[in-house]
Protein chains: 2
Amino acid sequence: MARPTIADIAQRAGVSKGAVSFALNGRPGVSDATRERILRIAEDMSWRPHSAARALGASRVDSVGMVIARPARTLGVEPFFAHLLSGVQSGLSAESISLQLLIVEDAEAEVEVYRRWASEHRVDGVILVDLTVRDPRIDALKELELPAVVIGGRGGKGALASVWADDRDAMLTIVEYLAALGHRRIAHVAGTPIFQHTQRRIRAVRDAAPRLGLLEAPSLTTDFSDAEGAATTRRLLSQADRPTAIVYDSDVMAVAGLGVAMEMGVSVPGDLSIVAFDDSILTQLMHPALTAMSRDTFDFGRQAAEVLLEVIANPGAAVNRRTADPVLTVRESTAPPA
Amino acid sequence: MARPTIADIAQRAGVSKGAVSFALNGRPGVSDATRERILRIAEDMSWRPHSAARALGASRVDSVGMVIARPARTLGVEPFFAHLLSGVQSGLSAESISLQLLIVEDAEAEVEVYRRWASEHRVDGVILVDLTVRDPRIDALKELELPAVVIGGRGGKGALASVWADDRDAMLTIVEYLAALGHRRIAHVAGTPIFQHTQRRIRAVRDAAPRLGLLEAPSLTTDFSDAEGAATTRRLLSQADRPTAIVYDSDVMAVAGLGVAMEMGVSVPGDLSIVAFDDSILTQLMHPALTAMSRDTFDFGRQAAEVLLEVIANPGAAVNRRTADPVLTVRESTAPPA
DNA sequence: TTCGGGAGCTATACCGGTTTATCAAACCCT
DNA sequence: AGGGTTTGATAAACCGGTATAGCTCCCGAA
């Protein structure tokens, strides 16, 4: 028989639909013997719940959503999202919950998607990435009463659940390492200042500079694109007293920066040390391979999924989980200054 | 009122649920005046259909699925999927159909997912990528009677719908260009031979070689990884009569190959020309920037979505759409041989 | 004048589950 | 023995839509 329903099972087992439902969901109301029998029959008929029917009855759809608001152009290169997605899925698959993915242009469109998802009951909860300062999505989600977990930033005063790594600490690790190598002119090519993690990294550099005796430690913001990464590097390397080390907020920008250094005849790591915040195959493909701050992005995603399920099950909970600290993977692009 | 139902609308409009359903779905059964009134009220109460309820009644879920069976590690770097996804979504959004995405390890797991999706009625159809020779997924999908469209390969004798570009022609374009530059020793670093498009590209090279008077034109297969791309390049460049041009089946391998050339002191494009099949920001980040075959991946995805919707609406249709031909973007990595 | 037929709408069954009210039988305790 | 609780099950309502049978009214043709 194709696509059996619980009514079919009930009939074959000689019990009511309700009994079958109880048995299949492991809740009290049937004896162990009956339960066993029903389960065997269900297995035998290879029954699987009809997701829509279950959603309608139980008012949960066993599906969560994730919206990525970035232009597609910059998306693909970064392994970040692919790893994150895999991790999220591994966290969800145990409960066989599915994932809806949407790529949109900006935060406004993203909120619109949440609004639609909520009103159409398409997802039980959502995962947020790229948290900005005073992020409008937080209020929107609270208004929609849609369970959510924030990746890579504290949930804010409103206490959305969150999963985060210590960006500040990671940045301090980088700068301290460079200072220990003897660098005194360190520049920081940052991402857009609207992201919370960008702000945290900039603050970390600024705070550490005097303590480490750095002559200067400017943080220059960009839009995360390779083009601006290259342009900013060009500007930095054209200065009279150019920096001897540059920290980039993404691997793509670091690679672009390396290209500029080569083009300008600045040897890496001889005349310039380069560190990338965020690791990937990109950094390893380069010559010299780039020293990079590696995060376990997969695990990041997995934990986010776990936390989200927790929040969905218990909407009150203010979970706030800190993941493993990023580690600095030293490769060939860093050395003491000439 | 939170989350109004059509019953609420019916009450306020003073009509029956059925009338509201007719009006909202634009089908006959109500007068224009009544329809207008109902639509206004629905708008006013900001009603949105409950996806599960609609799915249960209409037995379609307004959702399609896409499974990517590749290790996550190799996934992120290639912008291919990100662009493809964006395109798919743009094709779906018009009908406000949502997309389920799943990344799995292998084809076996992928079929398992289809099986689950079909039995749980989670998707109306699926999009297939990375078609292999004698692909097991095709039979599985036909058995499940799940509408599907194949990206990048003919649907096979079984006649799944498909969207494809002319790989053979694209490869011929590359080889002819290199031959025109004067190259006679051209090597082809291919992907895994299990993929149909790999086979087509290999055949294209083999067929063109005698006509173009190439001395040799070996196609060496790899697993698409940067590691094997590099290793194969190393082997090629160590030969006594090394090739003067190498065509890579992916941008990642081309970049890895460029790295090997630099490491071995082989100048590009002086001693070696490099062409990447598939374009992305990667190829542009390099020095020299790589000549590459560019496909409109976004459009690819968009068309796949359109075709899938067509097939869902009309399961009999054997749609077979050919997309715009790829074009060769010449950059700095190709030149006449020394 | 009557009948057929379409337009416009209602009432109701239905999709496939979950949940609740109800009930009979068994068990438990003094 | 009798009243109260627990166990195991059923029947029916319900979730929010869609689909359909049927009813009423009105119009035009025979």
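The basis for the numbers below is simple: all heavy atoms, side chains too, and nothing from hydrogens, waters or symmetry mates. The sequence lines fix the lettering, A, B, ..., with proteins before strands; numbering per chain opens at 1.
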Between the protein and nucleotides 17-23 of chain C, which nitrogen or oxygen pairs come in under 3.5 angstrom?
from: C:dG17; atom 1: OP1; to: A:Trp47; atom 2: NE1; distance (Å): 3.2
from: C:dG17; atom 1: OP2; to: A:Ile6; atom 2: N; distance (Å): 2.7
from: C:dG17; atom 1: N7; to: A:Lys17; atom 2: NZ; distance (Å): 3.0
from: C:dG17; atom 1: O6; to: A:Lys17; atom 2: NZ; distance (Å): 3.0
from: C:dT18; atom 1: OP1; to: A:Asn25; atom 2: OD1; distance (Å): 3.4
from: C:dT18; atom 1: OP1; to: A:Asn25; atom 2: ND2; distance (Å): 3.0
from: C:dT18; atom 1: OP1; to: A:Arg54; atom 2: NE; distance (Å): 3.1
from: C:dT18; atom 1: OP1; to: A:Arg54; atom 2: NH2; distance (Å): 3.2
from: C:dT18; atom 1: OP2; to: A:Ser21; atom 2: OG; distance (Å): 2.6
from: C:dT18; atom 1: OP2; to: A:Asn25; atom 2: ND2; distance (Å): 3.2
from: C:dT19; atom 1: OP2; to: A:Arg27; atom 2: NH1; distance (Å): 3.0
from: C:dT19; atom 1: OP2; to: A:Arg27; atom 2: NH2; distance (Å): 3.1

Strand contacts (DNA chain D) in residues 92-100 of chain B, 4.0 angstrom heavy-atom criterion: none
Distance check needed: C:dC15 C1' versus A:Asp8 CG, whole Å only. 13 Å
Would you name the heavy atoms of A:Tyr114 and A:Ile127 that are closest together and state the gap between them? OH-O, 4.1 Å
Write down the distance between CD1 (A:Ile38) and C1' (D:dT10), rounded to a whole number of angstrom. 12 Å
When you check the gap from the basic side-chain N to the acidic O, do A:Arg137 and A:Glu108 get nearer than 4.0 Å? no
Heavy-atom closest pair, residues A:Ala107 and A:Ala69: N-CB, 4.1 Å
Check this for me: does any side-chain nitrogen of one of A:Arg70 and A:Asp106 sit under 4.0 Å from a carboxylate oxygen of the other? no
Presence of B:Ser31 side-chain N/O under 4.0 Å of C:dA7 phosphate oxygens OP1/OP2: no
In whole angstrom, what separates B:Asp32's CG from C:dA7's C1'? 12 Å
Name the nucleic acid region contacted by B:Ser59, choosing base, sugar-phosphate or nothing; use a 4.0 angstrom heavy-atom cut-off, strictly under. nothing
Give the rounded distance in Å between these two atoms: CZ of B:Arg35 and P of C:dG8. 9 Å
Do NZ/NE/NH1/NH2 and the carboxylate oxygens of A:Arg116 and A:Glu112 come within less than 4.0 Å? no
Pairing of B:Arg115 and B:Glu110 as salt bridge, 4.0 angstrom limit: no
Judged by nearest nucleotide, the residue sitting upstream toward the 5' end of DNA chain C, B:Gly14 or B:His121, is B:Gly14
Inspect the contact between A:Glu120 and B:Arg3 and indicate whether a charged nitrogen and a carboxylate oxygen are less than 4.0 angstrom apart. no
Report all side-chain donor-acceptor pairs from residues 17-25 of chain A shorter than 3.5 Å, counting only partners two or more places apart or in another chain.
from: A:Asn25; atom 1: OD1; to: A:Arg54; atom 2: NH2; distance (Å): 3.3
from: A:Asn25; atom 1: ND2; to: A:Ser21; atom 2: O; distance (Å): 2.9

